[in-house]
Protein chains: 2
Amino acid sequence: MFKKVLISEDLGSISNGIVSILEALHIDNFQQVQYCDDAYLKIKRAEIDEHPFDLLITDLSYKEDHRQQKYQSGETLIKALKQEYPNLKIIAYSVEDRPQKIRTVMLGCNADAFVCKGRNGLKQLEEAIFKVYNGQTYLSPQVANVLRKSSNTEIDDFDIEIMKLLANGFSQDEISQHFKSKNINPSSLSAIEKRILKLRSSFSAKNATQLISIAKDLGLI
Amino acid sequence: MFKKVLISEDLGSISNGIVSILEALHIDNFQQVQYCDDAYLKIKRAEIDEHPFDLLITDLSYKEDHRQQKYQSGETLIKALKQEYPNLKIIAYSVEDRPQKIRTVMLGCNADAFVCKGRNGLKQLEEAIFKVYNGQTYLSPQVANVLRKSSNTEIDDFDIEIMKLLANGFSQDEISQHFKSKNINPSSLSAIEKRILKLRSSFSAKNATQLISIAKDLGLI
DNA sequence: AAGTCCCTTACGGAATCCCGTAAGGGACTG
DNA sequence: CAGTCCCTTACGGGATTCCGTAAGGGACTT
């Protein structure tokens, strides 16, 4: 079983819940931090000292406070750590249950498991720890299907970028200018229009406003 | 000090944190539930049995699962309880920190305190319990000003309704028709336009799309 | 080389949004 | 009563969006 575990979670009481799971598994070598940056530093330090952590359990969203952070979210932390220390196993433990978010964390950041906080969250976390220890990935049952169903979304970064710009009040023409200035193709007004039309139809949105409303609800932007 | 306390919170680990606070205050007569409906029933039952609760500490958002609930959120629960049992003190304990949400809970639902979950959440919860016991209200320091500053927002239900319709893809003309059909005034296209213009300018949004994006971020819709 | 498929780009017209201007009406005041 | 303030409603025109149609070009097949 895992020998050395780090818990990164800003809410003390949830942290305690995780600790109780670890204790039940007789993992007593663990540490806790409340900030992403602390997690990063502790893991780096442990690697240098040649007593590395072999599991990180981390939240995704952290309340901001006075302390300026380099890593603002669990996603950026996970991505950075997985690049530097591919052997470190990482479990995301979050209230998030939006498909796109989970895809980002599992596929974009390469987390090993995604457990949704909820009534059975701790039990699922325990399962996740076993699975991950055996080299498998794990998803909470209620979201287990989001990766398999590539289903709808051939929505790429370009689409996301367009929607972000729309949400920031850019006109279609301004979006076109924006991509032209960054030498990103396609960039013509027509192409932008077409892209937005495709997005609207795939989300059955009557206009750009509703499109952005839906995209926000889905956590795409 | 409070004699009988109910904790309503779907995440077990957070519930444990609250319990530890109560124990530190030597309040040992408390019960825990994980669903709003259970909270309502327990309080009702206790009133009938003439051993009423005198404090409820409740979360606002509950993960949905198979159990169909009459009260879907903490807000509806708080509002209903405060109407039936004005003597019952209620503390909302939530990750929410959006001004509009807090206004709704404090002013619309008549909660006695609003504590933000966060790094110091439990300490603040303890303060809130004292304040509320002394007949005062309490807000977490980081959001303490949201009620005083009535500041900008004279955004009324009509504005909110317009924004919801916009988010659902209605054109300005359709919104006008909508209000006409419900005999709500103002309803003319011009009036709707003017209202949206005011909303856009008060949120400095370049167009309706950005307006809805901002409104979503603020939790207004 | 011709054919096709797919993608980018272009154009035009109808609908909608954006914004300034202004008329009408109720409430309140001197 | 006239004057003002505020709100609702109306109108017009320029900008933008929406949507169908279509030309151009690259990749790939036959």
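Order of the sequence lines fixes the chain letters, A, B, ..., with proteins taken first and strands second; residue numbering starts at 1 for each chain. Just so it is clear, the values below take in all heavy atoms, side chains as well, and ignore hydrogens, waters and symmetry mates. What you see is a predicted model; the values in this text were computed from it and never measured.
Listed nucleotides: C/dC18, D/dA10, C/dT9. Nearest to the side chain of A/Lys194: C/dT9. Taking only side-chain atoms of B/Ser171, from C-beta outward, the nucleotide of C/dC18, D/dC18, C/dC17 with the closest atom is C/dC17.
Ring pair B/Tyr40/B/Tyr71: centre-to-centre distance below 6.0 Å.
For C/dC17, its base never sits under 3.5 Å from the side chain of B/Glu193 at any donor and acceptor pair.
Proximity of B/Ser190 to the phosphate of D/dT9: no side-chain N or O atom is located under 4.0 Å from OP1 or OP2. Within the structure, every side-chain polar atom (N or O) of A/Arg200 is placed at least 4.0 Å from both OP1 and OP2 of D/dT17. At least one side-chain nitrogen or oxygen of B/Gln172 sits closer than 4.0 Å to the OP1 or OP2 atom of C/dC18.
At least one cation-pi condition fails for A/Lys89 and A/Tyr133: the charged atom is not both under 6.0 angstrom from the six-membered ring centre and inside a 45 degree cone around its axis.
A donor atom on one side chain and an acceptor atom on the other are found under 3.5 Å apart for B/Lys180 and B/Ser176. Of the N and O atoms on the side chains of A/Gln124 and A/Ser140, at least one donor lies less than 3.5 Å from an acceptor on the other residue.
The CZ atom of A/Arg195 sits 9 Å away from the P atom of C/dC7 (whole-angstrom rounding). Rounded to an integer number of Å, the gap from CD of A/Glu174 to P of D/dT17 is 8 Å. Here C/dC6 presents its C1' atom at 12 Å from NZ of A/Lys198, a figure rounded to the nearest Å. To the nearest angstrom, C1' of D/dC19 lies 13 Å from CG of A/Leu189.
Positionally, the nearest nucleotide of DNA chain D for B/Asn185 lies more toward the 5' end than for the other of A/Ile196 and B/Asn185.
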